[in-house]
2 protein chains.
Amino acid sequence: MLESDRPKGRGTEARQRKARPITRIQREKQDLILEAALDVFSLHGFRGATIDQIAEAAGMSKPNLLYYFPRKEDIHKRLMAGMLDIWLAPLRHMDSDGDPIPEIRSYIRRKLKMSRDFPRQSRLFANEMLQGAPRIIDMLEGELKTLVDEKAKVIGGWMDEGKLNRADPYHLIFAIWATTQHYADFDVQVRAVLGNDRSGEGRFEDAACFLEQLFMHGLKPQRG
Amino acid sequence: MLESDRPKGRGTEARQRKARPITRIQREKQDLILEAALDVFSLHGFRGATIDQIAEAAGMSKPNLLYYFPRKEDIHKRLMAGMLDIWLAPLRHMDSDGDPIPEIRSYIRRKLKMSRDFPRQSRLFANEMLQGAPRIIDMLEGELKTLVDEKAKVIGGWMDEGKLNRADPYHLIFAIWATTQHYADFDVQVRAVLGNDRSGEGRFEDAACFLEQLFMHGLKPQRG
DNA sequence: CTAACATTTTTCCAACTGGTCAAATTTCTG
DNA sequence: CAGAAATTTGACCAGTTGGAAAAATGTTAG
């Protein structure tokens with residue numbers, strides 16, 4: 001039987017039975033491990049990543065790593081939680097009392113900034129999605145859906161007021177997610193296509209301009 | 001040392017040393033294997049997938065599978081080639097002599113159809129991208145870049161003629177890729193958010209309508 | 001039918017996997 | 001500094017992994 005299908009019995013904090021205060025070393029080493037694990041998991045996915053890889057990247061032995069996170073799953077779970085906060089923040093921030101056009105414009109910018117500043121988190125998320133989101137499906141159907149439903153209603157309201165062209169708010173959100181994530185998740189492809197010249201820093205500025213234009217005006221010229 | 005980093009010496013067709021004609025059984029079994037492997041690789045990525053899984057999905061023993069594809073890599077390589085054909089076809093099909101607006105509109109439709117009809121290929125591609133495209137980086141910088149450069153020039157020409165709003169053609173292509181792939185790669189998320197009601201057949205029709213509207217008109221109403 | 005070839009199965013292996021355990025070492029607290 | 005607690009290490013384990021070898025079984029052209 002494969003390890004990813006096997007049900008796990010115990011909870012996360014197997015080692016801290018008596019809720020001792022967390023030491024300095026504990027915090028430092030845990031951060032070190034999570035940092036290394038983010039590299040590895042975001043590159044190979046849960047199944048493709050190994051504890052040895054993570055331990056080596058964190059500069060410690062495997063048993064030592066397992067002292068802090070008794071199971072591979074535990075590390076992944078922690079990363080997942082942190083990542084989801086980052087991932088959801090830009091949408092959470094969209095203000096129903098603001099002006100529709102600037103609100104959406106700045107939502108796009110925030111989401112794109114997230115792709116630039118936290119590409120590994122984005123890829124971690126993408127990896128989980130590709131695998132059918134086995135470890136966060138509940139969160140998708142709960143927290144995420146709730147948030148999206150709420151924001152879709154807001155956007156729909158703006159459209160009712162004639163402040164935005166009528167369109168499906170859900171698919172609009174999908175489109176923003178997709179276009180912004182692309183620059184983190186498909187980074188290699190973007191670099192390969194743009195070549196070395198335009199794949200550096202200016203890349204994200206170009207993307208921001210383009211996306212703003214796309215979402216605001218579309219492609220069809222307004223003279224015919 | 002990890003298997004993904006280890007250099008491989010021999011070529012693909014280790015077993016067919018004297019170029020014998022391919023038998024009926026060979027073709028059938030190879031197809032069966034590739035079909036099964038597409039399931040597994042697209043779900044777990046190269047490192048996460050195991051030969052055992054593929055063999056079981058194909059209904060044969062592991063050594064039997066290895067008789068047809070001596071190395072795990074060989075299967076993946078074959079899938080990659082087939083996938084790239086499918087992946088590139090919609091863009092190849094865009095006609096520089098056609099009308100810009102309808103051409104782009106139908107390109108979007110073709111690409112979205114690809115996501116609907118070949119989601120596993122799309123996810124296989126996405127998996128490879130997330131991992132930094134180690135096995136197809138040459139193809140990206142060669143074949144793909146060439147094609148995109150060519151089509152970007154075409155689109156740029158259309159813009160020069162005033163038939164399209166001015167925008168960066170490369171980022172336009174990225175946006176079309178991103179938005180259409182999303183429905184294959186992030187299928188779970190889309191389903192989770194839309195719920196059971198609207199996540200069925202109509203989903204892709206809704207998406208097509210939305211994307212058409214987005215790329216043609218954008219969000220800003222044209223009365224101010 | 002039968003020899004030559006193609007296919008399949010059985011057995012096996014060394015490396016890697018996630019994880020355990022007890023002993024050794026380091027760090028903190030009084 | 002001493003003792004207790006926290007941390008690190010090395011040895012180990014059972015299951016999995018990609019793959020090899022050879023024997024056993026099918027298939028087919030002459």
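Residue numbers begin at 1 in each chain, while the letters A, B, ... track the order of the sequences. FYI, side chains are in, hydrogens and waters are out, and symmetry mates aren't considered; it's all heavy atoms of this structure.
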Please work out whether the ring planes of B:Phe46 and B:His76 are parallel, tilted or perpendicular, with thresholds of 30° and 60°. perpendicular
Mind calculating the distance between CD (B:Gln53) and C1' (D:dT17) to the nearest angstrom? 11 Å
Without decimals, in angstroms, what is the distance between B:Ile51 CD1 and D:dG18 P? 5 Å
Rounded distance in Å - CD1 (A:Ile54) to C1' (C:dC16): 15 Å
Base, sugar-phosphate alone, or nothing: which one does B:Ala55 contact when heavy atoms must sit under 4.0 Å apart? nothing
Find out whether the Lys NZ or Arg CZ of B:Arg116 is both under 6.0 angstrom from the six-membered ring centre of B:Tyr183 and within 45° of the ring's axis. no
Please determine whether a side-chain nitrogen or oxygen atom of A:Gln26 lies at a distance below 4.0 Å from atom OP1 or OP2 of D:dA6. no
Between the protein and nucleotides 27-30 of chain C, list the N/O to N/O atom pairs that are separated by less than 3.5 angstrom.
from   : atom 1 : to      : atom 2 : distance (Å)
C:dC28 : OP1    : A:Arg24 : NH2    : 2.6

Between C:dT7 (P) and B:Phe69 (CZ): distance, integer Å: 13 Å
B:Lys153: what forms a side-chain contact (heavy atoms from CB on, under 4.5 Å) with it, not counting sequence neighbours? none
Would B:Arg27 and B:Asp31 count as a salt bridge (charged side-chain N to carboxylate O under 4.0 Å, His left out) if you check the C-alpha gap in whole Å, the side-chain angles of each, and the deciding distance to 0.1 Å? CA-CA 6 Å; B:Arg27 207 184 311 277; B:Asp31 286 355; over 6 Å; no
Length of the line joining A:Asp52:CG and D:dT9:P, which is rounded to integer Å: 14 Å
A:Met114 side, atom CE; A:Leu88 side, atom CG - distance, nearest 0.5 Å: 9.5 Å
Write down the distance between CG (A:Leu65) and C1' (C:dT20), rounded to a whole number of angstrom. 15 Å
Can you pull out the residues from residues 56-64 of chain B that lie within a 4.0 Å heavy-atom distance of DNA chain D? B:Lys62, B:Pro63
Round to the nearest Å and state the distance from B:Leu66 atom CG to C:dT10 atom C1'. 14 Å
Check the pair B:Glu73, B:Arg47 against salt bridge (charged side-chain N to carboxylate O under 4.0 Å, His left out), reporting the backbone distance first and the verdict last. CA-CA 10 Å; B:Glu73 243 192 276; B:Arg47 291 224 42 207; over 6 Å; no
Can you see if the side chain of A:Arg71 gets near the phosphate of C:dG19 - specifically, an N or O under 4.0 Å from OP1 or OP2? yes
For the rings on B:His93 and B:Tyr107, is their centre-to-centre separation under 6.0 Å? no
Could you tell me the separation between the OH atom of B:Tyr67 and the P atom of D:dA24, rounded to a whole number of Å? 18 Å
Evaluate B:Asp187 against B:Arg191 for salt bridge (charged side-chain N to carboxylate O under 4.0 Å, His left out), listing each step before the verdict. CA-CA 6 Å; B:Asp187 180 70; B:Arg191 281 174 196 277; 2.8 Å; yes
Go through D:dT17, D:dT7, D:dG18 for me and flag the one nearest to the A:Arg47 side chain. D:dT17
Angle between ring planes, A:Phe174 versus A:His171, binned at 30° and 60°: parallel, tilted or perpendicular? perpendicular
Nearest of D:dG18, D:dT7, C:dT8 to any side-chain atom of B:Lys72? D:dG18
